[in-house]
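All values reported here derive from a predicted model rather than from experimental measurement.
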Amino acid sequence: MDDNLNNASASALFKDQILPKLDLSDLGTAEHQALLQVLELLNAEDSRSYLELKKSLENQAITPDFSAALSQQIYHHPEIYADEAQGFDWVASWLPLLKNGFFPDEQHTEKLLEFLYFGLAFLQSEKISEETQAQVFEVFSVLIHSKSEASLPVARFLLHRAFDLRDYQTSHFLVQQCLSSKLLTETYFAKDENEVLQEFPFRINDIFVEHFYKGSWELLLESMHQVLPVSIPGKSGAYEVLKPWLSEELASFYAANDDWAIHAHQHLVERVLFTEDESFDYLNLHTAAGKYPLITAFAEKEWDESDVLLFSLKDKNIPLEQTEAGFYKLQDWLLANNRTNFNREVFDNYGKAVFAVNSARELPVKSISLWFEMCNATQNNLRQKAYFNEVFSHLLTAWQTKKLPLMSKEGNAFQVTGIYVLTHVLGELTPLKDWLPAYQASGLSDPLNQFLLLCFYDSRSILKEHISEESSAVLYDYLISIAYSARETKPYLREIGVKLCVEILTTVYKHTETFAQVNEIASLKNLHSSVVAQCEDFAKFHYVNEKTDLTPQIIQSWYLFLNDYYYSLGKEFLWVDAVLRNQGARLAAYFNAEEEGSFPDEILYRLYKFLKMCSKRSDSYSELGSIGSAIATHLSHLLQDLKPEKLSKNVVEILYNYINGPEINAFHQMQLENEILPFYAYYFQEEKTTETISEEEEDAEKQEETIDDGVEEETEIEPAAITFDSEAPLSIQVLEQLILGLSNYQKSRIASSVYKAYLAKNEAELKALLEEDTTLKMNFYQVLYLLIIDLEAAPGSAYEAYGNLGRSLFVTLVKGSTMALSYTQGLEMMAASGAYPEKLSQALQQVVTDLNE
């Protein structure tokens with residue numbers, strides 16, 4: 001800037017228009033001293049007035065006094081403002097005066113502002129030099145930031161005109177000047193209640209509002225809200241002017257007036273969209289108490305896309321207590337419009353930022369319902385599912401320890417519990433029985449099912465109290481299905497998933513009276529080695545429980561599972577060992593007290609058969625030695641307390657012949673001899689020795705040996721040795737031939753159709769014959785049972801016809817009998833175990849279905 005040119009112009013103006021009008025007559029000496037300095041600053045040392053004053057004040061040490069009267073003579077010349085160029089030159093010439101503390105009074109400041117109001121267009125035009133323009137704003141800066149009566153009026157004028165969008169060009173011009181010259185920053189001066197000038201900060205509070213907006217916060221906010229979104233791309237706007245003013249007091253006003261906070265949202269969104277400035281300082285205003293009113297206000301409105309945008313810009317450090325309600329509003333927005341809002345660009349660009357959390361602790365607990373809504377089986381949007389499963393994977397970080405996460409509830413740390421989720425989160429949707437089956441098909445690989453398992457596991461001890469019988473049945477089916485689906489998952493999921501299912505099932509259904517459930521739960525041991533002991537203990541609790549009364553069903557199950565215990569060499573159904581070693585006396589007491597007909601005979605005969613097989617095969621399989629000892633112990637305890645009349649003469653004779661025969665193990669003989677002899681004496685008054693065997697005993701022994709052959713398949717049978725007369729009437733001898741043929745079906749060379757036709761023709765006689773001979777009936781049942789589970793006779797095999805015959809005949813004979821329920825349970829468990837090929841499993845399940853009809 002050419003200071004000499006401007007100074008010369010200002011000096012000429014002063015000399016020509018102001019100096020001649022000065023009246024010194026009413027001024028005192030101190031005022032004369034101040035005027036002398038003014039003349040020096042305005043380069044008027046050659047004027048007559050200066051020379052006279054200089055002479056009159058020579059050698060006087062007087063403190064200058066720039067009084068109101070003197071200020072009036074220097075500044076109050078409104079006629080100068082009639083010419084805009086002259087007026088701005090005059091204002092620009094004030095700078096040296098102002099820097100020396102010679103300020104215009106309040107009255108002339110108002111004249112200056114009147115001139116400025118109409119002269120702003122000229123001030124920003126090309127008619128004024130850049131140097132003069134710059135000096136004018138430097139004058140404004142000194143006026144505002146100095147202790148003068150002009151400070152507040154000038155600051156207020158510039159603020160209002162800068163924020164007045166009715167003249168956008170002038171507004172923008174003043175905003176740029178305010179920023180470049182820092183006009184509305186730091187502090188200003190205004191009179192206090194005692195008319196004393198005091199310094200105040202440019203910071204919004206009650207005093208600021210009183211000074212600039214007549215005490216009206218509403219006027220302040222209207223003004224500020226209007227200018228928030230206004231700016232020229234690439235240049236700073238009014239927001240940059242007001243940003244340093246933001247204060248805790250402003251936040252307090254918003255906190256007390258939600259409607260104004262919501263109003264601010266609209267303009268802040270416009271600012272983001274139009275100026276691409278995210279306005280963090282304004283959006284994240286907070287009170288002295290730490291409340292963020294513009295954030296908490298999100299909870300008080302219905303959301304649209306703009307709210308998603310703005311909420312995403314919140315400070316990450318705002319307490320969760322204040323953001324939780326807004327999070328739920330975002331959740332409502334996502335669930336609206338049939339959940340299509342997920343696909344909107346605003347969610348990709350902004351909404352996802354809200355879900356970018358580092359732990360479950362940052363997520364509100366009721367957001368769990370959003371996860372279930374966005375990722376359930378009815379949702380086909382795979383991108384949506386993948387996204388929310390990833391977000392909520394934080395809820396499964398404690399999967400290995402089987403624990404639910406720590407989340408947020410009303411801003412506080414909240415340990416999620418299973419019952420809370422089921423009753424306060426998911427329970428608000430629909431009852432358990434109505435929504436749980438929908439999750440079953442997706443299996444354990446679905447994160448929702450993993451979380452549900454954790455919930456059910458956490459609440460397992462009280463779950464039964466909170467669900468209906470109908471829901472309990474639904475839960476049971478769900479858990480069984482999820483457990484089996486674990487086979488198709490990764491190892492870390494499989495092990496924990498199966499453990500959780502077993503833990504829940506064995507707790508919730510601990511006292512089930514449905515043995516089909518007992519067996520199905522027990523069979524889950526086949527899914528993972530880690531649950532074998534627990535499944536076995538669960539079965540043992542139900543089958544070997546001294547606190548529950550014995551029933552025919554339980555007893556039948558004992559010896560049905562003895563079959564599997566034996567053939568697995570003691571590796572399956574370990575609880576059977578507890579039956580054999582501890583339940584003999586209890587079983588005897590039951591038989592003694594009940595009228596069970598042939599039931600004791602059936603049990604004793606089955607035990608005898610297995611003991612005999614153990615003795616014969618223990619050399620090949622050492623495990624059978626231990627099983628045989630347990631069976632002998634069981635027989636000993638049973639016979640010791642059993643009343644003789646509870647067994648038939650036929651079974652007693654078989655047992656007697658066995659202990660006196662050559663095949664019995666010496667130790668078993670020692671255990672059983674003293675227990676069997678009293679039964680033999682009860683039926684046979686004369687004691688018989690092994691040297692004098694009657695014809696009747698020989699017949700019984702032959703009959704028993706023939707049965708043994710059919711069950712054990714120990715002897716190599718030549719095809720020629722197996723005969724069957726399909727034209728002969730049904731008799732014990734013919735039935736024995738039939739049993740032998742079926743037990744050796746692969747060697748007999750007798751077509752299954754021959755057996756089928758013969759049995760169909762003699763069905764009534766067959767049932768009657770079996771009812772007369774318990775031993776024969778049990779043997780026939782056993783042969784059929786082994787046939788229907790035989791892999792060689794399974795559907796699709798070369799001997800499928802024999803399997804079909806066995807299944808059909810088994811249903812015909814066993815259905816409705818005392819053994820039906822036990823057989824049904826065993827077959828059902830086998831079908832569900834996964835140990836058999838799919839076609840055979842389906843065939844076994846069909847037998848179960850036919851037996852239950």
Side-chain angles (χ1 to χ4, degrees), residues 7 10-83 86-117 136 138-157 188-199:
N7 290 338
S11 178
L13 179 64
F14 179 77
K15 291 176 182 179
D16 293 343
Q17 298 196 39
I18 299 175
L19 190 58
K21 298 179 182 179
L22 289 177
D23 183 2
L24 307 182
S25 59
D26 294 330
L27 300 177
T29 304
E31 291 169 310
H32 286 166
Q33 184 66 42
L35 177 58
L36 185 67
Q37 293 183 18
V38 169
L39 295 175
E40 291 174 349
L41 292 169
L42 293 176
N43 299 314
E45 292 96 333
D46 58 349
S47 68
R48 186 168 59 84
S49 297
Y50 177 81
L51 295 173
E52 291 177 355
L53 283 172
K54 182 75 173 175
K55 184 177 181 181
S56 65
L57 297 173
E58 190 173 10
N59 300 321
Q60 296 186 44
I62 301 171
T63 301
D65 176 19
F66 192 78
S67 65
L70 180 55
S71 173
Q72 188 83 355
Q73 291 204 46
I74 298 298
Y75 289 110
H76 192 66
H77 303 282
E79 67 279 3
I80 296 179
Y81 295 136
D83 181 283
Q86 181 178 264
F88 280 112
D89 283 342
W90 167 232
V91 172
S93 71
W94 295 359
L95 191 58
L97 301 179
L98 300 178
K99 287 183 176 181
N100 280 271
F102 301 147
F103 299 105
D105 61 12
E106 188 173 358
Q107 182 182 3
H108 185 67
T109 300
E110 293 300 323
K111 290 296 182 181
L112 168 65
L113 298 182
E114 288 178 12
F115 168 67
L116 288 177
Y117 186 85
V136 167
E138 189 174 357
V139 166
F140 294 161
S141 178
V142 175
L143 286 173
I144 292 171
H145 295 117
S146 299
K147 190 175 183 179
S148 77
E149 293 180 354
S151 176
L152 176 59
V154 173
R156 184 163 50 216
F157 173 82
Y188 64 95
F189 287 84
K191 290 180 180 179
D192 63 14
E193 62 275 11
N194 299 316
E195 295 297 308
V196 177
L197 284 172
Q198 300 287 351
E199 189 174 18

For the pair W90 and H76, evaluate ring-ring contact (aromatic ring centres under 6.0 Å, His included) and give the outcome as yes or no after the intermediate values.
CA-CA 11 Å; W90 167 232; H76 192 66; over 10 Å; no

Student check: side-chain heavy atoms of F103 and L98 closer than 4.5 Å
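Yes. Closest side-chain heavy atoms under 4.5 Å.
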
Is any side-chain heavy atom of P104 closer than 4.5 Å to a side-chain heavy atom of L143?
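Yes, their side chains come closer than 4.5 Å.
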
Give a yes or no on whether the backbone of K147 and the side-chain of S151 come within a donor-acceptor separation of less than 3.5 Å.
no

Can you name the closest pair of heavy atoms from K15 and D46 and give their distance?
NZ-OD1, 3.2 Å

Which atom names give the shortest non-hydrogen contact between A34 and L70, and what distance separates them?
CB-CD2, 3.7 Å

Applying salt bridge (charged side-chain N to carboxylate O under 4.0 Å, His left out), which residue pairs with at least one partner in residues 61-72 are found, sequence neighbours left out?
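Not a single pair qualifies under salt bridge (charged side-chain N to carboxylate O under 4.0 Å, His left out).
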
Within residues 29-41 or reaching into it, pairs that qualify as salt bridge (charged side-chain N to carboxylate O under 4.0 Å, His left out) - sequence neighbours excluded:
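Output for this query is empty, none listed.
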
Partners of [X] by side-chain contact (heavy atoms from CB on, under 4.5 Å), sequence neighbours excluded?
X    : value
N194 : D192, V196
K21  : H77, E79
K191 : E106, E149, E195, L197
I62  : T29, A30, Q33, L57, Q60

Separation between CZ of F14 and OG of S47, rounded to the nearest 0.5 Å:
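If I round to the nearest 0.5 Å, the distance is 7.5 Å.
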
Which of these, N100, L36, L95, sits in a side-chain contact (heavy atoms from CB on, under 4.5 Å) with L41?
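Single pass found, and it is N100.
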
salt_bridge(E58, K54) N-O dist < 4.0 Å:
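Looking at K54 together with E58, the answer is no, because their closest N to O distance does not fall below 4.0 Å.
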
Once you measure the plane-to-plane angle for F115 and Y81, does it fall in the parallel (<30°), tilted (30-60°) or perpendicular (>60°) bin?
parallel

